[in-house]
Amino acid sequence: MTRRERYEAQQRRRSLVIAATSTITVLAAIYFLVPLAPGWAKVQQSFFNGETLIKTFPKLLEAFRINVMIFAWSAPAIAILGLLIALARDAKSPALFPLRIFGAAFTDIFRGVPVILTVYLIGFGIPGLGLPRPWNSPYIWGTLALVLTYSAYVAEIFRSGIDSVHHSQRAAALSLGLSERQVMRDVVLPQAIRNVVPSQMNMLIALQKDVSLLSFIGPVEIFRQAGVFKSLLANFTPYVGAAIIFLIVTVPATRYADHLMARQMRERR
Amino acid sequence: MTRRERYEAQQRRRSLVIAATSTITVLAAIYFLVPLAPGWAKVQQSFFNGETLIKTFPKLLEAFRINVMIFAWSAPAIAILGLLIALARDAKSPALFPLRIFGAAFTDIFRGVPVILTVYLIGFGIPGLGLPRPWNSPYIWGTLALVLTYSAYVAEIFRSGIDSVHHSQRAAALSLGLSERQVMRDVVLPQAIRNVVPSQMNMLIALQKDVSLLSFIGPVEIFRQAGVFKSLLANFTPYVGAAIIFLIVTVPATRYADHLMARQMRERR
Amino acid sequence: MPKLELNGVVKRFGERTVCDGISLTVEEGQMVCLIGASGSGKSTLLRCINLLEPIEDGAIYLDGEDISIPGLNLQSVRARIGIVFQSFNLFPHMTALENVMLAPRRVRGLTRAELQPEVETLFARFGLADRMHNYPDQLSGGQQQRVAIVRALAMRPEVMLFDEITSALDPQLVGEVLDVLLMLKRQGMTMVMATHEMGFAREAADKVCFLDGGRIIEEGAPEVLFDHPAQPATQAFLARALK
Amino acid sequence: MPKLELNGVVKRFGERTVCDGISLTVEEGQMVCLIGASGSGKSTLLRCINLLEPIEDGAIYLDGEDISIPGLNLQSVRARIGIVFQSFNLFPHMTALENVMLAPRRVRGLTRAELQPEVETLFARFGLADRMHNYPDQLSGGQQQRVAIVRALAMRPEVMLFDEITSALDPQLVGEVLDVLLMLKRQGMTMVMATHEMGFAREAADKVCFLDGGRIIEEGAPEVLFDHPAQPATQAFLARALK
Amino acid sequence: GSCAAGKTLTDGKFTIATGNPAYYPWVLDDAPESGEGFEAAVAYAVAEEMGFAADDVVWVRSSFDEAIQPGAKEFDVNMQQYSITPERDQVVDFSAPYYTAPMAVLVSPNATGTAPTLEALKGLQWGAVGSTTAVPKLSSIIQPDNDPLLYGDNADVNAAMSANQIDAALFDLPTALFLSAVMIEGSKVIGQFPADESDNPDQFGMLMEEGNPLKSCIDEALAALTDSGKLAEIEAKWLQDSTGVPLIK
Ligand SMILES: Nc1ncnc2c1ncn2[C@@H]1O[C@H](COP(=O)(O)OP(=O)(O)OP(=O)(O)O)[C@@H](O)[C@H]1O
Ligand SMILES: Nc1ncnc2c1ncn2[C@@H]1O[C@H](COP(=O)(O)OP(=O)(O)OP(=O)(O)O)[C@@H](O)[C@H]1O
Ligand SMILES: [Mg+2]
Ligand SMILES: [Mg+2]
């Protein structure tokens with residue numbers, strides 16, 4: 001073992017000790033001090049009620065299936081539409097000026113308008129125009145509203161990624177005779193996307209939770225289900241149950257994505 | 001005028017014509033065809049009711065003051081906390097390992113837990129522990145919930161920006177004798193922040209609308225106000241009013257930010 | 001008919017005129033060297049020839065065809081003109097091999113397998129056989145420079161533009177790379193090269209152009225230009241450069 | 001006591017050993033040139049001396065003090081050792097002037113106004129007086145290289161490391177920059193330089209080290225090493241390089 | 001039933017929507033099928049009056065938003081304490097009222113000493129459920145000094161009261177009595193407003209799609225139930241006697 005490895009190992013040991021003690025201290029402080037607060041019993045009863053949790057959890061889990069379903073079909077749609085809008089906004093040639101304008105208008109409108117309105121307007125409004133039964137489903141139109149809104153956000157992120165790739169990369173690729181499309185696909189986008197993975201992770205996680213907005217127009221997903229229990233039992237514990245379900249899904253996913261990113265970085269340098 | 005300028009001017013003219021005709025065609029199609037739908041009268045009555053709009057708009061505008069207020073004090077707090085968390089997650093030295101862990105746990109938890117739960121838990125739970133009147137205000141604790149949640153998202157974006165700065169920049173700055181802090185502040189962060197302006201704009205716009213989540217714990221901001229009108233009048237038009245107010249604020253802001261970014265890019269290259 | 005012809009090319013960046021009416025003729029199979037002080041516009045001129053920078057005025061002809069017409073299909077022209085940049089500009093997310101194969105696969109429409117032998121030969125010729133699977137960040141400056149050359153050659157261009165491609169090479173490699181260029185020349189490649197290697201320019205160039213402030217002040221066969229420069233600016237430059 | 005001393009420095013990247021037990025002594029005011037093929041480890045060695053890369057084994061002494069002890073305050077050491085990178089690494093979000101002023105302002109604690117005369121003199125000496133307010137993207141390769149040199153010198157380091165700093169310069173500027181280095185040497189600056197300019201190494205170096213595969217195969221006064229290389233590898237390298 | 005024949009969503013079935021969840025005392029245990037609870041009982045009585053067997057009553061759930069959305073509805077009638085207002089009546093149809101609800105004041109444990117006078121009530125920090133007619137009542141009748149806080153449902157009002165963020169909340173009397181008795185420990189209903197306090201007392205009606213032909217049948221049925229005293233009987237069975245709550249002056 002070299003001098004440097006010894007030193008680093010020692011540093012790591014020391015910091016682990018610090019981490020462990022400080023974490024334990026803080027947790028212990030919370031654990032022992034919070035229950036001394038006068039209202040603790042009531043708060044515990046309202047938010048961390050084991051009995052309620054057990055009672056409501058299975059139904060929450062069942063409702064979560066709807067979230068998963070909506071998420072599963074809207075996420076790819078959002079990725080694709082978002083990318084297309086980003087490309088439209090980034091069109092360089094003067095002939096594509098209309099596309100640029102369209103992209104800008106799209107992002108402005110769908111980011112600017114509150115999601116709830118988009119959900120109501122598309123989820124209630126379009127079916128209200130007189131669509132027959134299977135085609136007026138809130139699942140279809142609600143998903144569309146979600147896709148439109150999120151695409152606007154996602155497009156802006158892709159665009160920032162595209163802008164972050166140095167223009168000399170475009171020049172080098174063009175000089176090889178690649179078309180603008182190929183340059184985008186093979187050279188710019190791979191670097192752009194890698195640069196924005198964390199921001200898109202953000203969006204993915206936010207989307208997962210915003211699937212719940214569809215409950216405004218009917219579908220009883222996990223949030224609405226938790227809300228129903230909350231109203232019924234006058235107890236917020238079902239939300240904690242929902243949060244647990246979300247955390248079980250998102251935390252491993254983000255850790256894994258982080259791990260992949262870090263490995264990629266390490267390999268590269 | 002050189003050959004190239006002539007050509008570009010011509011291209012621009014042509015594309016403007018295309019843009020104008022296509023836009024007008026689409027708008028005309030919507031304008032003339034949608035009202036032919038059987039349910040149009042009802043939809044118009046429900047969503048685009050001029051009378052309702054005029055009646056409710058002043059009160060919506062008044063309620064919007066609360067949004068502006070909450071936004072004004074939470075946005076800077078989010079920027080600062082988000083940046084600190086990003087820096088914590090990016091700490092390189094093994095001695096700062098606990099900070100890294102803390103940063104990761106923070107982002108995982110506050111991104112993973114649905115905002116509603118955070119708002120309820122902090123907005124009702126902490127005051128419920130027995131705080132006296134001025135200190136149990138839903139404004140204080142609701143804002144804290146918002147700040148914690150958004151900081152987690154914003155931190156991830158900052159982190160992606162920091163990672164997007166090439167490591168040779170760090171090396172060059174370190175080699176000049178700058179401390180890690182100075183390197184971060186003077187060399188890495190300015191480049192990092194510039195790279196993520198569009199993503200952070202996203203967050204700013206989303207925050208502006210998510211201020212409405214505080215309405216779950218009492219404050220009557222524009223969305224709750226629109227909801228009250230909706231219930232009272234059985235009409236969704238007040239949401240359209242709210243959307244108009246949001247658009248009036250966000251569209252010029254994003255256009256201006258875009259303009260600044262574009263100018264910066266042009267100057268730089 | 002000259003292979004490549006520039007006629008009064010003007011390029012401006014905002015207020016600054018970087019190429020100020022440059023006319024130049026390059027015959028098929030010729031090697032033309034651009035020399036001149038830093039900032040005299042050599043790199044910019046090469047970028048203009050490759051249509052990476054739109055020119056303000058003048059025209060550029062390839063095989064007699066005006067390739068600077070606005071609105072031309074740039075792609076097909078660029079595939080015929082290769083360029084190696086002063087700053088390499090390798091694609092950081094691809095290995096050396098992928099960097100080289102990308103354009104032939106996309107533009108020439110070949111598969112990896114079809115390209116393999118050809119590309120491996122190129123790598124070997126540039127002493128990079130064991131670096132094919134490294135990412136640019138893992139290569140030394142000289143190695144990156146050579147990968148960039150291989151990348152351009154793999155497109156089998158008709159004209160090659162080189163922008164100080166030996167600047168990051170050690171003298172041994174400079175020799176080797178220049179040997180490759182001589183070989184390309186023997187094979188009939190038309191080349192324009194911005195260089196500071198006066199020795200090479202004298203030995204290999206058919207024509208040397210001296211740039212100053214965005215203009216070609218003087219041009220001619222290397223023997224003439226190096227040994228009997230007519231213009232005072234050229235004389236001053238060469239006096240310092242060959243010292 | 002030597003100004004700078006390396007003792008068995010080992011540097012690995014993963015499996016690959018890039019510096020393989022390098023020992024080297026640089027006396028105060030000496031100019032040492034590192035020569036060797038591309039990929040022989042010259043840049044990496046310079047980065048190790050500047051503590052940008054932690055070393056696996058061995059030690060580095062500055063003024064007799066071990067600066068490679070893990071956990072040392074790197075910052076104060078680095079301020080005493082300047083480095084100019086092969087790839088410039090200017091800060092793209094700052095003008096040339098800001099690039100140069102940043103470190104003196106932060107580390108030496110001076111104000112812009114205090115620095116102005118000193119920095120302006122430096123810019124002028126490198127022929128950059130009218131480029132101070134340009135961003136790196138707006139500078140030619142040679143201009144960027146010179147800004148990088150000015151940036152390092154503005155910290156008034158005791159030891160300067162140069163990594164092929166003349167590679168992006170035209171011959172005229174090469175002459176000028178090397179003149180500056182000679183002047184620095186006369187002023188007593190200790191310097192280590194990776195270079196491919198054999199002519200300069202011979203003229204200006206007090207000692208030349210030939211690197212091959214991460215080892216110093218041979219070192220000595222330039223007259224000795226260039227005219228009577230002892231090792232076959234050195235002979236081969238020089239034979240090609242001086243051809 | 002002859003009157004309703006061919007006018008319902010599904011022939012031979014009577015589809016009734018209620019809230020998700022449905023609260024006591026309107027529906028017992030969130031299970032309207034049992035017919036227990038005031039609204040559930042009224043629903044079955046109306047259905048029977050219209051000639052539907054208990055088995056032909058189909059229950060669905062809906063939110064307020066779904067009830068007022070333009071376009072096709074998923075129910076024949078929707079019963080969840082909808083107050084009849086002229087504005088709402090423009091968008092949807094209401095049956096004749098089946099209950100007239102007085103508004104009542106529920107105060108937190110800290111404020112149980114408040115006198116039941118408008119004067120004393122003004123100074124309290126008020127809360128209410130944002131989607132109910134309590135909101136306009138609050139601003140028109142009580143006109144509190146501080147802006148009221150508004151919530152999404154009863155449970156949130158309950159939590160805000162527990163966190164001492166509000167002193168008083170306005171509900172319809174049966175809900176207020178239920179909350180004070182079961183949900184919020186130590187709270188108290190300190191007063192009610194006379195049901196006919198203002199021009200439009202809070203009357204609950206069944207909500208239908210605008211122009212629903214079923215309206216006349218339902219009105220007929222309700223009229224019959226009122227005449228026969230059946231409605232009063234149901235009310236007496238499920239809604240607490242409210243005579244003990246003082247009137248607010
Ligand atoms: N994008 C730009 N905006 C403004 N000025 C520019 C830009 N690109 C180059 N220049 C300027 O144009 C001039 C010519 O630059 P160019 O890179 O062509 O020089 P060069 O002859 O290749 O020099 P070197 O030998 O140093 O590479 C320089 O003065 C440079 O500052
Ligand atoms: N981060 C890295 N990971 C893996 N290998 C690396 C890394 N950096 C450098 N190397 C390898 O280390 C060796 C030495 O590189 P170095 O840059 O020191 O060479 P050099 O002597 O400066 O060459 P040149 O004259 O071309 O600049 C090369 O073979 C290179 O591929
Ligand atoms: Mg150049
Ligand atoms: Mg090197």
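A note on names: the letters A, B, ... follow the listed sequences, proteins ahead of strands, and every chain is numbered from 1.
- A donor atom on one side chain and an acceptor atom on the other are found under 3.5 Å apart for B/Ser164 and B/Asn195.
- No donor-acceptor distance shorter than 3.5 angstrom exists from the side chain of A/Arg89 to the backbone of A/Gly103, with no hydrogens or angles considered.
- Ranked by heavy-atom pairs under 4.5 Å with chain B, the first of A/Ala152, A/Gly128, A/Ala41 is A/Gly128.
- Contact tally against chain A (heavy-atom pairs below 4.5 Å) for B/Gly39, B/Ala226, B/Gly161, B/Ser212: the top residue is B/Gly39.
- Heavy atoms closer than 4.5 Å to chain B are found nowhere in A/Ala253, neither backbone nor side chain.
- Neither the backbone nor the side chain of B/Phe158 comes within less than 4.5 Å of any heavy atom of chain A.
- For A/Ile109, the part lying near chain B is the backbone, with the side chain staying farther off; criterion is any non-hydrogen pair under 4.5 Å.
- Interface summary for chain B: among A/Val34, A/Asp163, A/Thr23, A/Thr250, the most heavy-atom pairs under 4.5 angstrom belong to A/Asp163.
- Contacts with chain A were tallied for B/Val115, B/Asn202, B/Leu16; B/Asn202 has the most, counting heavy-atom pairs under 4.5 Å.
- Note on ring orientation: taking the six-membered ring where Trp is involved, the planes of B/Phe246 and B/Phe64 are perpendicular (angle over 60°, cut-offs 30° and 60°).
- Using a 4.5 Å cut-off on side-chain heavy atoms (C-beta onward), B/Met201 and A/Glu156 make no contact.
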Next item on the list: Kindly indicate, with the supporting measurements, whether the criterion side chain to side chain contact (heavy atoms under 4.5 Å, CB included) is fulfilled by A/Asn67 and A/Gln208.
Entry: CA-CA 7 Å; A/Asn67 294 62; A/Gln208 211 220 59; over 6 Å; no

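- B/Lys209 touches chain A through its side chain: at least one heavy atom from C-beta onward sits under 4.5 Å away, while N, CA, C and O do not.
- Contact annotation for B/Phe47: only side-chain heavy atoms (C-beta onward) come within less than 4.5 Å of a heavy atom of chain A.
- Ring pair B/Phe102/B/Phe106 is tilted by interplanar angle, where 30° to 60° counts as tilted.
- In this structure, no portion of B/Arg13 lies under 4.5 Å from any heavy atom of chain A.
- Residue B/Asp258 touches chain A through its side chain alone, counting heavy-atom pairs closer than 4.5 Å.
- Contacts of B/Ile101 with chain A are absent, with no heavy-atom separation under 4.5 Å from either backbone or side chain.
- Between the side chains of A/Arg14 and A/Gln11, at least one donor N or O sits under 3.5 Å from an acceptor N or O.
- For B/Ala20, no part sits under 4.5 Å from any heavy atom of chain A, backbone or side chain.
- Looking at B/Val113, the atoms closer than 4.5 Å to chain A (heavy atoms on both sides) sit in the backbone and in the side chain alike.
- A side-chain contact (heavy atoms from CB on, under 4.5 Å) with B/Pro238 is found for one member of B/Leu53, B/Thr56, B/Ile222 and no other, namely B/Thr56.
- Heavy atoms of A/Val240 lying under 4.5 Å from chain B belong to its backbone as well as its side chain.
- The residue among B/Ser199, B/Ser22, B/Ala37, B/Pro114 with the most heavy atom pairs within less than 4.5 Å of chain A is B/Pro114.
- Within the 4.5 Å cutoff, side-chain heavy atoms of A/Gln200 are placed close to those of A/Val154.
- Put simply, of B/Ile126, B/Ile157, B/Ile248, the one with the most heavy-atom pairs under 4.5 Å next to chain A is B/Ile157.
- Within the 4.5 angstrom heavy-atom criterion, only side-chain atoms of B/Arg159, from C-beta onward, approach chain A.
- Only the side chain of B/Met203 comes within less than 4.5 Å of a heavy atom in chain A; its backbone stays farther off.
- The pair B/Asp108-A/Arg255 meets the salt-bridge criterion, with a side-chain N (NZ, NE, NH1 or NH2) lying under 4.0 Å from an Asp/Glu carboxylate O.
- Without hydrogens or angle criteria, B/Thr237 side chain to B/Ser46 main chain gives a donor-acceptor distance under 3.5 Å.
- Comparing B/Asp210, B/Val249, B/Ile244, B/Ile205 by heavy-atom pairs within less than 4.5 Å of chain A, the highest count is held by B/Ile205.
- Note: A/Tyr150 and A/Phe110 fail the aromatic proximity criterion, with ring centroids not under 6.0 Å apart.
- Proximity to chain A involves both the backbone and the side chain of B/Ser160, based on heavy atoms less than 4.5 angstrom apart.
- In this structure, the side chains of A/Phe236 and B/Leu121 stay at 4.5 Å or more apart for every pair of heavy atoms.
- With hydrogens and angles ignored, the 3.5 Å screen pairs no side-chain donor or acceptor of B/Trp141 with any backbone N or O of B/Val119.
- Contact annotation for B/Ala206: both backbone and side-chain heavy atoms come within less than 4.5 Å of a heavy atom of chain A.
- With a 4.5 Å cut-off on non-hydrogen atoms, B/Val197 does not touch chain A at all.
- Heavy atoms closer than 4.5 Å to chain B are found nowhere in A/Tyr7, neither backbone nor side chain.
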